[in-house]
Amino acid sequence: MDDILTRLYRIAADRKINPEEGSYTCYLYEKGLDKILKKVGEECAETIVAAKNGSSKELTFEICDLIYHLIVLMNQCNLPIEDIFTELETRAKKIGNLKEIKSTDKNT
């Protein structure tokens with residue numbers, strides 16, 4: 001899976017360096033960080049709604065939109081995708097690392 005993510009990351013990186021007219025990715029870079037963050041937030045909310053709706057197809061589509069916008073964000077912030085893979089590898093090794101469950105009083 002990291003092959004497709006790496007490929008998408010590189011395409012987004014190339015669009016940042018070599019803008020193409022009519023490219024949505026280039027539009028996001030042109031508008032800047034605030035626009036990219038707004039889109040990440042929107043896609044996150046749409047992913048939540050899709051999960052609540054119970055449609056696997058809709059959820060798949062929204063997760064892909066969210067991942068795409070996160071990839072654009074990583075490029076905008078000059079965060080190498082390898083850093084993400086490294087951190088995910090580290091987390092994958094933390095088997096059995098349960099956190100203490102906190103009880104919350106929902107009436108307060």
Side-chain angles (χ1 to χ4, degrees):
M1 180 165 121
D2 61 343
D3 289 342
I4 186 66
L5 292 176
T6 299
R7 195 168 55 195
L8 289 171
Y9 182 90
R10 288 186 180 143
I11 291 169
D14 183 65
R15 292 287 192 278
K16 187 176 177 187
I17 297 166
N18 302 301
E20 289 187 14
E21 188 176 337
S23 164
Y24 176 64
T25 304
C26 294
Y27 162 79
L28 290 172
Y29 290 135
E30 181 182 307
K31 293 298 178 184
L33 184 60
D34 286 345
K35 179 65 172 181
I36 295 166
L37 292 172
K38 181 179 177 187
K39 289 304 297 179
V40 168
E42 288 173 7
E43 296 305 338
C44 186
E46 290 173 7
T47 300
I48 292 166
V49 170
K52 293 287 286 180
N53 288 343
S55 166
S56 293
K57 186 173 184 177
E58 180 185 3
L59 182 57
T60 299
F61 185 80
E62 296 303 341
I63 288 173
C64 288
D65 281 352
L66 178 57
I67 291 170
Y68 160 76
H69 286 91
L70 288 171
I71 286 172
V72 172
L73 175 62
M74 286 185 279
N75 271 289
Q76 181 69 17
C77 295
N78 299 311
L79 178 65
I81 197 161
E82 292 78 15
D83 289 2
I84 303 302
F85 294 146
T86 300
E87 180 60 25
L88 289 172
E89 276 294 323
T90 299
R91 291 179 182 208
K93 294 174 184 172
K94 293 182 179 181
I95 298 171
N97 188 20
L98 296 176
K99 293 184 179 182
E100 181 181 323
I101 299 174
K102 297 177 183 177
S103 62
T104 304
D105 182 1
K106 297 188 187 251
N107 296 320
T108 58

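Listed here is the closest heavy atom pair of V72 and T25: CG2-CG2, 4.1 Å.
Atom CG of N75 is separated from atom CG of L28 by 11.5 Å, given to the nearest 0.5 angstrom. Atom CD1 of I17 and atom SG of C26 lie 11.0 Å apart (nearest 0.5 Å). In this structure, CD on E62 lies 9.5 Å from CG on N53, to the nearest 0.5 angstrom. Once rounded to the nearest 0.5 Å, the distance linking SG of C44 with CG of D65 reads 12.5 Å. The CG atom of N78 lies 7.5 Å from the CD atom of Q76; values are rounded to the nearest 0.5 Å.
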For residues 79-90, dump all side-chain donor-acceptor pairs below 3.5 Å to protein atoms at least two apart in sequence or in another chain.
from: T86; atom 1: OG1; to: E82; atom 2: O; distance (Å): 2.9
from: E87; atom 1: OE2; to: R91; atom 2: NE; distance (Å): 2.9
from: T90; atom 1: OG1; to: T86; atom 2: O; distance (Å): 3.1

Below 3.5 Å, can you tabulate the donor-acceptor pairs from side chains in residues 29-40 to any protein atom, sequence neighbours excluded?
from: Y29; atom 1: OH; to: A12; atom 2: O; distance (Å): 3.0
from: K39; atom 1: NZ; to: E42; atom 2: OE1; distance (Å): 3.0

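Between E58 and E46, every side-chain heavy-atom pair lies at or beyond the 4.5 Å cut-off.
Judged as a side-chain hydrogen bond (donor to acceptor under 3.5 Å, both in side chains), and not counting sequence neighbours, Y9 has no contacts.
Each of L59 and L66 belongs to its own hydrophobic cluster when Ile, Leu, Val, Met, Phe, Trp and Tyr are linked at side-chain heavy-atom distances under 4.5 angstrom. No continuous path of ILVMFWY side-chain contacts below 4.5 Å connects I11 to Y24, so the two sit in separate hydrophobic clusters.
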Between L70 and E43, does the side chain to side chain contact (heavy atoms under 4.5 Å, CB included) criterion hold? Intermediate values first, please. CA-CA 10 Å; L70 288 171; E43 296 305 338; over 6 Å; no
